[in-house]
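First the proteins, then the strands, lettered A, B, ... as listed; each starts at 1. Any value given below was found using the heavy atoms of this structure, including those in side chains, with hydrogens, waters and symmetry copies removed.
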There are 2 protein chains.
Amino acid sequence: MITIYDIAEKAGVSAMTVSRVINNTGRISEETRKRVRKVMEELHYIPNALARSLVSQKTNLISLLITDITNPFYTTLARGAEDAAKKAGYRLLFANSDEDYEKEKDYVDMILSTRVDGVLFAPAGDHSHDNLLQLQKHQIPFVVLDREIPGIDADVVLGDSKEGARNLVEHLIAQGHQRIALVNGSQDVSTARLRYIGYNEALQLGGITPDDSLVLHLGYRDFHDETALHELLQLDDPPTAIFAANNMLAVGVIQSLRQRGLQVPRDMSVVCFDDFGPAGAINPFLTVASQPAYQFGKLGMQLLIERIEGAASDATRRIMLPSELIVRSSTQPLS
Amino acid sequence: MITIYDIAEKAGVSAMTVSRVINNTGRISEETRKRVRKVMEELHYIPNALARSLVSQKTNLISLLITDITNPFYTTLARGAEDAAKKAGYRLLFANSDEDYEKEKDYVDMILSTRVDGVLFAPAGDHSHDNLLQLQKHQIPFVVLDREIPGIDADVVLGDSKEGARNLVEHLIAQGHQRIALVNGSQDVSTARLRYIGYNEALQLGGITPDDSLVLHLGYRDFHDETALHELLQLDDPPTAIFAANNMLAVGVIQSLRQRGLQVPRDMSVVCFDDFGPAGAINPFLTVASQPAYQFGKLGMQLLIERIEGAASDATRRIMLPSELIVRSSTQPLS
DNA sequence: CTGTTAGCGCATTCAG
DNA sequence: CTGAATGCGCTAACAG
């Protein structure tokens with residue numbers, strides 16, 4: 001491995017001079033600067049970021065922790081985060097918690113030992129509290145994405161889950177649906193709680209009495225257990241429409257319905273939170289509340305970098321991004 | 001920041017002893033081991049991976065370079081890579097080249113200075129040659145994914161593009177289509193060349209004379225210019241079916257057709273390479289040649305880790321993964 | 001079983 | 001404008 005000492009020797013200067021040339025710091029005569037540069041190229045010198053970080057106490061690394069890299073919402077978010085990071089000279093250390101607190105904890109430990117400059121943290125849920133606290137204890141700046149964690153005061157970028165849910169359910173009500181089921185994420189997650197509230201609000205505004213036998217509390221990726229859906233369909237007064245609290249649940253619901261020989265929207269109307277990325281465009285089908293995922297990542301990263309670089313005031317910031325109702329063809333008026 | 005010296009002092013031992021406790025190396029009396037452990041916990045000590053890497057010359061970091069994080073094929077691949085990496089104790093440094101050689105080069109420079117242990121490299125295309133060479137020159141182990149680069153001898157995990165393409169086109173021919181267009185990626189990319197070959201082979205096997213006016217050479221993400229499609233449709237003898245060389249192109253094609261008031265499959269049959277991840281399941285629509293994306297990532301990572309850890313022989317390995325024809329409803333027999 | 005010395009590659013002092 | 005000494009946090013090699 002080529003070091004600054006190799007360069008220094010061959011260029012007939014001290015290592016310090018080489019360091020200064022690399023960092024464009026201090027005053028160096030144009031002549032030696034050129035000579036040093038030339039030697040660096042000849043020897044294909046590449047600065048060792050490790051050594052540099054060890055002394056500067058700065059890695060230019062930011063950890064992006066998300067819960068599901070398979071979900072288009074998070075990949076689009078990751079894209080926004082990466083673009084913003086690259087622009088500011090940071091690289092992304094990637095981690096995928098799988099909605100699993102233990103895995104999340106493992107990654108937090110790794111993050112801590114890696115000495116990243118900050119963390120963009122999409123938490124698995126309320127229990128992420130301890131993991132976030134761990135970061136705080138070690139003074140690692142972070143920004144929370146998508147899900148608010150009770151008891152954690154930090155910069156946060158959120159979607160308006162309540163309103164998005166309301167819009168979706170109101171759309172169903174406007175089509176005449178009265179028996180509307182909610183297939184929800186875990187109550188351990190703020191967005192799931194808010195979508196539940198929005199759902200109830202819309203019902204009440206529509207003069208419909210909420211019926212908790214129509215509400216399933218699963219997890220955002222847990223549509224394996226189809227018996228839950230089975231029970232819904234076996235009710236005396238079964239739903240005519242289903243609101244899935246995110247895109248993955250909608251996939252599960254629709255597949256299950258299909259296995260039972262039921263078609264969307266003919267036999268059941270379905271809407272959901274979050275769109276499907278590029279795939280959503282090819283066969284406009286599901287009516288969704290689409291969130292600006294790219295902005296989640298981009299804005300979150302900007303907030304984080306401001307924190308890291310000390311450009312932010314002490315007060316934490318809370319950004320709430322609206323969702324957009326995109327009406328397609330997965331619902332049908334009740335005749 | 002807490003260091004081993006803080007621990008050493010408080011535990012009344014030398015720093016070296018602490019280091020040995022951390023690494024479970026050398027012989028330490030159970031008693032001191034416990035004492036040291038206790039102090040570490042009290043002080044919330046976390047080893048500094050930077051310092052450790054600087055001396056061990058090992059970062060336990062692997063860079064994953066892909067061309068499009070928005071494409072479900074690559075996110076699923078990333079998932080496979082991440083799972084395999086985590087299992088072996090490596091973390092992922094993430095990079096997205098956007099099919100852009102310059103961006104790719106930027107990231108290679110970053111990769112080099114970060115001293116990652118290896119790179120999982122999904123190249124933008126043939127011109128990635130120089131970037132790969134750069135890695136070779138600096139002795140960074142890497143595995144090439146998805147696209148073969150002429151002149152680069154390395155472990156590689158590929159899909160069978162030729163056969164996949166042939167299957168798709170044969171499917172169309174079986175339905176009576178004779179005028180079959182190919183909307184292809186750049187000829188700079190091995191998979192695009194092979195899909196073109198497979199397409200031609202299927203035509204010839206079907207007794208159809210290839211007609212290059214039916215072939216569009218774009219880029220895998222470049223379906224902005226719809227005039228190209230316009231020309232196809234204006235031909236004296238226009239196509240009745242389109243083979244899009246990847247999923248993103250299929251999205252563009254279908255959107256363009258729709259803007260022109262043409263429906264799939266009624267007015268035009270469409271098939272493509274690569275599926276759409278979870279979204280592909282919700283409304284089975286596009287007939288595709290689906291590749292085992294997760295396996296690409298997982299196997300690639302395994303090969304890479306073997307290389308890094310010296311468990312691989314010198315000979316480079318070449319893994320070819322088959323694709324699966326999934327017939328859905330985006331094609332229709334020619335009446 | 002434990003400690004001392006030296007050095008990984010670089011940048012921050014402080015002197016010239 | 002340039003250089004020498006020192007240390008970032010840790011571990012390999014050698015001593016004891």
**Student:** Give the rounded distance in Å between these two atoms: CD1 of B/I7 and C1' of C/dG3.
**Tutor:** 18 Å
**Student:** Report the nucleotide, chosen from C/dC10, D/dG9, C/dT2, that has the shortest atom-to-atom distance to any side-chain atom of B/T3.
**Tutor:** D/dG9
**Student:** Can you tell which of D/dT11, C/dG9, C/dC10 lies closest to the side chain of B/L54?
**Tutor:** C/dG9
**Student:** Rounded to the nearest Å, what distance is computed from the OH atom of residue B/Y5 to the P atom of nucleotide C/dG3?
**Tutor:** 12 Å
**Student:** Both B/T17 and A/Y45 contact DNA chain C. Taking the nearest nucleotide for each, which residue is further toward the 5' end?
**Tutor:** B/T17
**Student:** Is there a side-chain contact between B/I22 and B/R52, using heavy atoms and a 4.5 Å cut-off?
**Tutor:** yes
**Student:** With B/L145 as reference, evaluate B/L299, B/L120, B/L65, B/D155 under the side chain to side chain contact (heavy atoms under 4.5 Å, CB included) test and give the passing residue.
**Tutor:** B/L120
**Student:** So if I take every side-chain heavy atom of A/V55 and compare against D/dC8, D/dG9, D/dT2, which nucleotide ends up nearest?
**Tutor:** D/dC8
**Student:** Rounded to whole angstroms, how far apart are CD1 on B/I4 and C1' on D/dA12?
**Tutor:** 13 Å
**Student:** Any donor-acceptor pair under 3.5 Å linking the side-chain atoms of A/S29 with those of A/T32?
**Tutor:** yes
**Student:** Can you tell me how far C1' of D/dA15 sits from CE of B/M16, to the nearest Å?
**Tutor:** 13 Å
**Student:** Nearest to the side chain of B/M1 - D/dC10, D/dG9, D/dC1?
**Tutor:** D/dG9
**Student:** Looking only at the side chain of A/R52 (C-beta and beyond, no hydrogens), which of the listed nucleotides C/dT12, C/dC10, D/dA12 gets closest?
**Tutor:** C/dC10
**Student:** Would you mind telling me which of D/dG9, D/dT11, C/dA11 lies closest to the side-chain atoms of B/N48?
**Tutor:** D/dG9
**Student:** Can you tell me how far P of C/dG9 sits from CG of A/D6, to the nearest Å?
**Tutor:** 9 Å
**Student:** Does a side-chain N-to-carboxylate-O contact under 4.0 Å join A/K105 and A/E102?
**Tutor:** no
**Student:** Passes ring-ring contact (aromatic ring centres under 6.0 Å, His included), A/Y74 versus A/F296? Steps please.
**Tutor:** CA-CA 9 Å; A/Y74 284 113; A/F296 272 73; 8.8 Å; no
**Student:** Given D/dT11, is OP1 or OP2 found less than 4.0 Å from the side-chain N or O atoms of B/S56?
**Tutor:** no
**Student:** Could A/K10 and A/E41 be called an ion pair, given the rule that one side-chain N must be under 4.0 Å from one carboxylate O?
**Tutor:** no
**Student:** Does the ring of A/Y107 carry B/K86 above it, NZ/CZ under 6.0 angstrom from centre and within 45° of its axis?
**Tutor:** yes
**Student:** Among residues 29-41 of chain A, which contact DNA chain C at a heavy-atom distance under 4.0 Å?
**Tutor:** none
**Student:** Would the base of D/dG3 count as contacting A/R20 through its side chain, where contact means a donor and an acceptor less than 3.5 Å apart?
**Tutor:** yes
**Student:** Report the distance from atom CG of A/L112 to atom P of D/dG9, rounded to the nearest whole Å.
**Tutor:** 15 Å
**Student:** Side chain of B/N23, heavy atoms from C-beta onward: which of C/dG3, C/dT13, D/dT11 has the nearest atom to it?
**Tutor:** D/dT11
**Student:** Grab the CD1-P distance between A/I46 and C/dC10 for me, whole Å please.
**Tutor:** 11 Å
**Student:** Give the rounded distance in Å between these two atoms: CG of B/L50 and P of C/dA11.
**Tutor:** 13 Å
**Student:** NA contact type, B/I28, heavy-atom cut-off 4.0 Å: base, sugar-phosphate, or nothing?
**Tutor:** sugar-phosphate
**Student:** Among D/dG3, C/dG3, C/dG9, which nucleotide has an atom closest to any side-chain atom of B/Q57?
**Tutor:** C/dG9
**Student:** Before accepting this row, confirm whether a basic side-chain N of the pair B/D100/B/R221 lies closer than 4.0 Å to the acidic partner's carboxylate O.
**Tutor:** no
